[in-house]
Amino acid sequence: QVQLVESGGGSVQAGGSLRLSCGYYGLAFTNYCWGWFRQAPGKEREGVAVVNGGGSRAYYADSVTGRFTIYQDAAKNTLYLQMNSLKPEDTAMYYCAARYIYCSGAYYSTADFNYWGQGTQVTVSS
């Protein structure tokens with residue numbers, strides 16, 4: 001059974017950091033493209049960062065480049081999103097996702113991904 005489980009969200013002041021985790025079960029990391037998306041109230045879900053299994057390069061949305069890092073710990077079956085220098089506009093529900101086909105850029109729609117977690121809330125106050 002495939003399952004993605006996010007954790008690590010919370011409330012933080014602007015300029016602070018959080019690390020989100022996504023435990024994945026039933027999927028082999030190297031066979032998929034993995035991504036983090038976010039959805040703020042009243043807005044569409046948007047891609048934040050993606051990485052292909054096997055350690056190839058990551059791709060980031062312009063709004064988070066230089067502040068966020070996506071990476072994986074294979075031994076723990078966990079995907080991470082390290083978020084630094086957080087801004088109030090980063091406030092959203094964050095989701096991890098996986099898709100069968102490798103990614104070649106930062107921008108994908110939700111329809112492009114096959115598996116989703118339930119989300120974890122990040123709130124950044126000014």
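These values consider heavy atoms only, across backbone and side chains, with no hydrogens, waters or symmetry-generated copies.
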Would the distance check show the side chain of Asn52 and the main-chain N or O of Cys103 forming a donor-acceptor pair, the cut-off being under 3.5 Å? yes

Side-chain heavy-atom pair Leu27, Tyr115 within 4.5 angstrom cut-off: yes

In the structure I gave you, are the side-chain heavy atoms of Asp112 and Thr110 within less than 4.5 Å of one another anywhere? no

Whether the side chain of Thr91 engages the backbone of Val124 through a donor-acceptor N/O pair (distance < 3.5 Å, no angle test) should be reported. yes

Supply the members, apart from Phe37, of the Ile/Leu/Val/Met/Phe/Trp/Tyr cluster built from side-chain contacts under 4.5 Å; use none for a lone residue. Val50, Tyr59, Met93, Tyr95, Tyr108, Phe113, Trp116

One should read off an interatomic distance between Leu81 CG and Thr120 OG1, to the nearest 0.5 angstrom, of 11.0 Å

Given the rule that I, L, V, M, F, W and Y join up when any side-chain heavy atoms are under 4.5 Å apart, are Tyr71 and Val64 in one cluster? no

Beyond-backbone contact of Gln13 with Leu86, side-chain heavy atoms, under 4.5 angstrom: no

With distance as the sole test, does Tyr102 use its side chain to make a donor-acceptor pair with the main-chain N or O of Val51 at under 3.5 Å? no

For Gly26, does its backbone N or O pair with a side-chain atom of Gln1 as donor and acceptor, under 3.5 Å? no

Would you check if the side chain of Gln3 reaches a backbone N or O of Tyr24 as a donor-acceptor pair within less than 3.5 Å? no

Would you say Thr78 and Tyr80 make side-chain contact, with heavy atoms under 4.5 Å? yes

How long is the straight-line distance from NZ of Lys87 back to OG of Ser126, given to the nearest 0.5 Å? 13.5 Å

Among residues at least two apart in sequence or on other chains, which ones pass side chain to side chain donor-acceptor pair (under 3.5 Å) with Ser17? Asn84

Between atom OG of Ser21 and atom CG of Asn77, what is the distance when rounded to the nearest 0.5 Å? 12.5 Å

Taking all heavy atoms of Ala92 and all of Ala40, pick out the closest pair and write down the distance. CB-N, 3.8 Å

Value for CD (Gln121) from OG (Ser11), rounded to nearest 0.5 Å, stands at 8.0 Å

Would Asn31 and Tyr100 satisfy side chain to side chain contact (heavy atoms under 4.5 Å, CB included), going step by step from the backbone distance to the final call? CA-CA 7 Å; Asn31 294 343; Tyr100 302 127; over 6 Å; no

Working to the nearest 0.5 angstrom, can you tell me the gap between Arg19 CZ and Met83 CE? 11.5 Å

Is there a side-chain contact between Glu46 and Arg38 (heavy atoms, below 4.5 Å)? yes

Heavy-atom pair with the smallest gap, counting every atom of Ile70 and Trp34: CD1-O, 3.8 Å

At their closest point, which heavy atom of Ser125 faces which heavy atom of Pro88, and how far apart are they? C-CG, 4.5 Å

Shortest non-hydrogen contact between Leu4 and Cys22, atoms and distance: CB-SG, 4.0 Å

Work out which heavy atom in Tyr107 is nearest to a heavy atom in Ala61; give both atom names and the distance. OH-CA, 3.4 Å

Nearest 0.5 angstrom please: Ile101 CD1 to Cys33 SG, how far? 10.0 Å

Within the side chain of Gln72, is there an N or O that forms a donor-acceptor pair under 3.5 Å with the backbone of Leu79? no

With sequence neighbours excluded, what pairs up with Phe68 under the ring-ring contact (aromatic ring centres under 6.0 Å, His included) test? none

